[in-house]
Amino acid sequence: VGRLVRKHLVLFVAIRDQELEDMTAAEPARMLDATRSVIAHSLLLEREVVLSRLQRLGVELIDAPVGMLGPELLNKYLEVKRASRL
């Protein structure tokens, strides 16, 4: 990715998983719920690490729920075009 961003505009689209976010926020009623919450939290932390690394490399990111991907992609395109980065 580091080589690509030197000559190209790299756009990474990440789909937010509301179910994982809900699992981490929910009060566990059973041991299985607590286990799921811990695993979901770990996955979300790993996801943030990856997105942060990509951003530091100069990758453009879209991080949105699936229902907002279209508008977010269009907004990012217009932002990049206005900045004459295409």
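- Between L43 and R47, the closest side-chain pair of non-hydrogen atoms is not below 4.5 Å.
- Cluster annotation: L45 is not connected to L20 through the hydrophobic network of ILVMFWY side chains, with a link wherever side-chain heavy atoms come within less than 4.5 Å.
- In this structure, CD on Q18 lies 11.0 Å from CE on M23, to the nearest 0.5 angstrom.
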For residues 67-82, tabulate all N or O donor-acceptor pairs below 3.5 Å that involve a side-chain atom, not counting sequence neighbours.
unit_1, atom_1, unit_2, atom_2, d
N75, ND2, P71, O, 3.3
K76, NZ, E60, OE1, 2.9

For residues 24-32, please give each side-chain donor-acceptor pair under 3.5 Å, one per line with the distance, not counting sequence neighbours.
unit_1, atom_1, unit_2, atom_2, d
T24, OG1, E21, O, 2.8
R30, NH2, D33, OD1, 3.3

I'd like a table of donor-acceptor pairs (distance under 3.5 Å, sequence neighbours excluded) in which one partner is a side-chain atom from residues 8-16, with atom names and distances.
unit_1, atom_1, unit_2, atom_2, d
R16, NH2, D63, O, 2.8

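- Cluster annotation: L4 is connected to L51 through the hydrophobic network of ILVMFWY side chains, with a link wherever side-chain heavy atoms come within less than 4.5 Å.
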